[in-house]
Amino acid sequence: MKHVMYASAAALALTAGMAHAEGELKFAPGEGAFSWDSFEALKSMDLSGEKVSILGPWLGPDKELIESVVHYFEDATGADVEYSGSDSFEQQIVIDSEAGSPPNIAIFPQPGLAADLASKGLLAPLPAETADWVRDNYAAGQSWVDLGTYAGADGTEALYGFFYKVDVKSLVWYVPENFEDAGYEVPQTMEELKALTEQIAADGEVPWCIGLGSGGATGWPATDWVEDMMLRINTPEDYDAWTRNELPFDDPKVVAAIEEFGAFARNDAYVSGGAGAVATTDFRDSPQGLFASPPQCYMHRQASFIPTFFPEGTEVGVDADFFYFPAYAEKDLGKPVLGAGTVWGITSDSKGAQAFMEFLKSPIAHEIWMAQKGFLTPHKGVNTEVYTDPTVAKMNDILLNADTFRFDGSDLMPGAIGTGVFWTGMVDYAGGKDAGEVAASIQSTWDSIK
């Protein structure tokens, strides 16, 4: 559900038979800091006459971006690629797959849907060596292997999904000028973040702006907070067990993560408008307090898309900036990162489909999009000098320095939980209800749908 925050709004269709003329390539081979050797290596694959169909969720402005990447594969191999974007991708891929007419490759915004298709025998496992490649070449590599590994129709687990294009959520936004004026420094640990929160309040100021309002989706920003806290006080294995309900929602470990969120959100001195305003403030309006004069708050925890809702003309990196939502030094859990992303899987196997998945391993497949806009990757082999936006480059550094990456937990849970009672339960909790009671109520609902 929350992946829609990152999606564009209009339909996208790339037609078959794209021209292979070098003039269509966004960046001339051999020029700039790109890993052109990885592009040249693609030319060893002769795919003349091979057609590859791809279905995904990307729409509108992303059309030229995905086209620009696909052109390099076509130019090097001679293949024709047909991409279709759909705003009802989740329904369409199921219908097409079950009807026996799927595309060669599908781009899933949520691993859960890919896992469902794999369990029905509707995804082809990736070559066995792919898992080792991901472990070796992606930062927090085992995390990405885990996220793409599913049980097939016979129950045997294999790597079915390859992640390409990632979003980061573990960010805290602030106004550098406000920090400088007040003498505050960017915290490096959760202990320092809590100390800074206390200091700002002691100075008579308000540390945080937090808003959970989002129409019918009200409550989701709090679930991101809780997910980040789960990764900072519990192990990645605990997090995984929680998303599968092997660790019950009312387990003390989960209740503690909810209360970690409450330590910030339920303290009147810590939140703009007081704790009572958290549930009713729209998430799109909540960062506005950073830019008020005098500031109504100093920090705002939100994902990479939030600058869309900053005041017009705000320049990220100058007027506003961000830092990594830090981990506890005392917990020794490394640097976990919460995020989302798209996982690619083969829904109709072919020589061209296999070749395109190999292409996604190449640095050039990442760098062409990196050099334009809005692309993050855990690929350690890319040249980050191709980034033209220092803000995106800084986000990517957070991704490349992660010890653990975990996908948005609510998107991994059944819809009735992750986009239902988890959302509403966090609104109840922000409003003053006991964390244990809220967690028990969510677990009761989960038990009822098993």
- Step by step, work out the side-chain contact (heavy atoms from CB on, under 4.5 Å) result for Leu147 and Phe405. CA-CA 9 Å; Leu147 281 166; Phe405 183 95; 3.9 Å; yes
- Item | Asp238 and Thr235: CA distance, side-chain angles, deciding distance, side chain to side chain donor-acceptor pair (under 3.5 Å) verdict | CA-CA 5 Å; Asp238 285 333; Thr235 66; 3.2 Å; yes
- Item | Contact summary for Ser143 and Arg406, nearest pair of heavy atoms |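 Minimum heavy-atom separation between Ser143 and Arg406: OG-NH1, 3.1 Å.
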- Query: Closest heavy-atom contact between Val343 and Ala114?
  - Reply: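 Shortest heavy-atom separation between Val343 and Ala114 comes out as CG1-CB, 4.4 Å.
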Main chain of [Y], side chain of [X]: is a donor-acceptor contact present, judged purely on distance under 3.5 Å?
{"X": "Thr347", "Y": "Pro103", "result": "yes"}
{"X": "Ser88", "Y": "Gln91", "result": "no"}
{"X": "Tyr138", "Y": "Leu400", "result": "no"}
{"X": "Gln188", "Y": "Pro326", "result": "no"}
{"X": "Asp319", "Y": "Glu315", "result": "yes"}
{"X": "Asp403", "Y": "Lys335", "result": "yes"}
{"X": "Trp369", "Y": "Lys373", "result": "yes"}
{"X": "Trp36", "Y": "Glu31", "result": "yes"}
{"X": "His379", "Y": "Lys361", "result": "yes"}
{"X": "Thr218", "Y": "Ser214", "result": "yes"}

Distance check, rounded to the nearest 0.5 Å: [X] atom [atom1] versus [Y] atom [atom2]?
{"X": "Ile442", "Y": "Ile258", "atom1": "CD1", "atom2": "CD1", "value": "5.5 Å"}
{"X": "Ile105", "Y": "Phe162", "atom1": "CD1", "atom2": "CZ", "value": "11.0 Å"}
{"X": "Phe407", "Y": "Gln110", "atom1": "CZ", "atom2": "CD", "value": "6.5 Å"}
{"X": "Ile306", "Y": "Leu290", "atom1": "CD1", "atom2": "CG", "value": "9.5 Å"}
{"X": "Asn401", "Y": "Asp397", "atom1": "CG", "atom2": "CG", "value": "6.0 Å"}
{"X": "Phe89", "Y": "Ile107", "atom1": "CZ", "atom2": "CD1", "value": "7.5 Å"}

Would you mind reporting whether [Y] and [X] have side-chain heavy atoms less than 4.5 Å apart?
{"X": "Ile417", "Y": "Ile449", "answer": "yes"}
{"X": "Leu338", "Y": "Leu231", "answer": "yes"}
{"X": "Phe163", "Y": "Thr342", "answer": "no"}
{"X": "Leu123", "Y": "Phe108", "answer": "yes"}
{"X": "Arg232", "Y": "Ser170", "answer": "yes"}

Could you tell me whether [X] and [Y] make a salt bridge, using a distance below 4.0 angstrom between a side-chain N and a carboxylate O?
{"X": "Lys169", "Y": "Asp228", "result": "no"}
{"X": "Asp136", "Y": "Lys380", "result": "no"}
{"X": "Glu191", "Y": "Lys331", "result": "no"}
{"X": "Asp132", "Y": "Arg135", "result": "yes"}

- Would you call the rings of His366 and Tyr164 parallel, tilted or perpendicular, where under 30° means parallel and over 60° means perpendicular?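 The rings of His366 and Tyr164 stand perpendicular, inter-plane angle above 60°.
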- Query: Taking the six-membered ring for Trp, are Phe34 and Phe27 parallel (under 30°), tilted (30 to 60°) or perpendicular (over 60°)?
  - Reply: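 Aromatic pair Phe34/Phe27 classed tilted.
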- Could you go through the side chain to side chain donor-acceptor pair (under 3.5 Å) check for Ser410 and Asp408 one step at a time? CA-CA 6 Å; Ser410 60; Asp408 182 322; 2.8 Å; yes
- Query: Name the one of Glu260, Glu259, Met190 that satisfies side-chain contact (heavy atoms from CB on, under 4.5 Å) with Ile233?
  - Reply: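 Testing Ile233 for a side-chain contact (heavy atoms from CB on, under 4.5 Å) against Glu260, Glu259, Met190 leaves exactly one candidate, Glu260.
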[atom1] of [X]: more than 12 outside heavy atoms within 6.0 angstrom?
{"X": "Glu385", "atom1": "CD", "value": "no"}
{"X": "Glu129", "atom1": "CD", "value": "yes"}
{"X": "Glu192", "atom1": "CD", "value": "yes"}

- Please assess Val168 against Phe322 for the test side-chain contact (heavy atoms from CB on, under 4.5 Å), listing each intermediate value before the final yes or no. CA-CA 12 Å; Val168 170; Phe322 61 89; over 6 Å; no
- Evaluate side-chain contact (heavy atoms from CB on, under 4.5 Å) for Met299 paired with Phe325, printing each intermediate quantity in order. CA-CA 11 Å; Met299 294 178 286; Phe325 188 55; over 6 Å; no
- Can you tell which of Trp225, Phe261, Tyr270, Trp173 makes a ring pair (Phe, Tyr, Trp, His ring centres under 6.0 Å) with Trp208?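 One option only clears the test, and that one is Trp225.
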- Message: Tell me which one of Tyr174, Phe323, Tyr298 satisfies ring pair (Phe, Tyr, Trp, His ring centres under 6.0 Å) with Tyr184.
- Response: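 Checked Tyr174, Phe323, Tyr298 against Tyr184; only one passes ring pair (Phe, Tyr, Trp, His ring centres under 6.0 Å): Tyr298.
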- Message: What verdict does the side chain to side chain donor-acceptor pair (under 3.5 Å) test give for Asn234 and Tyr239, after you've listed the backbone C-alpha separation in whole Å, the side-chain angles of each residue and the deciding distance to 0.1 Å?
- Response: CA-CA 7 Å; Asn234 300 306; Tyr239 184 93; over 6 Å; no
- Task: Would you check if there is a donor-acceptor pair between the side chains of Lys394 and Tyr387 at a distance under 3.5 Å?
- Result: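 No, no side-chain donor-acceptor pair sits under 3.5 Å.
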- Under 3.5 Å side-chain donor-acceptor pair for Asp251 and Gln443: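 On atom types as modelled, these side chains do not qualify, holding no pair under 3.5 Å.
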- Over-ring placement of Lys253 relative to Trp242, 6.0 Å and 45° cut-offs: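 No cation-pi geometry.
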- Criterion side-chain contact (heavy atoms from CB on, under 4.5 Å) on Val94 and Glu90, from CA distance to verdict: CA-CA 7 Å; Val94 172; Glu90 289 86 349; over 6 Å; no
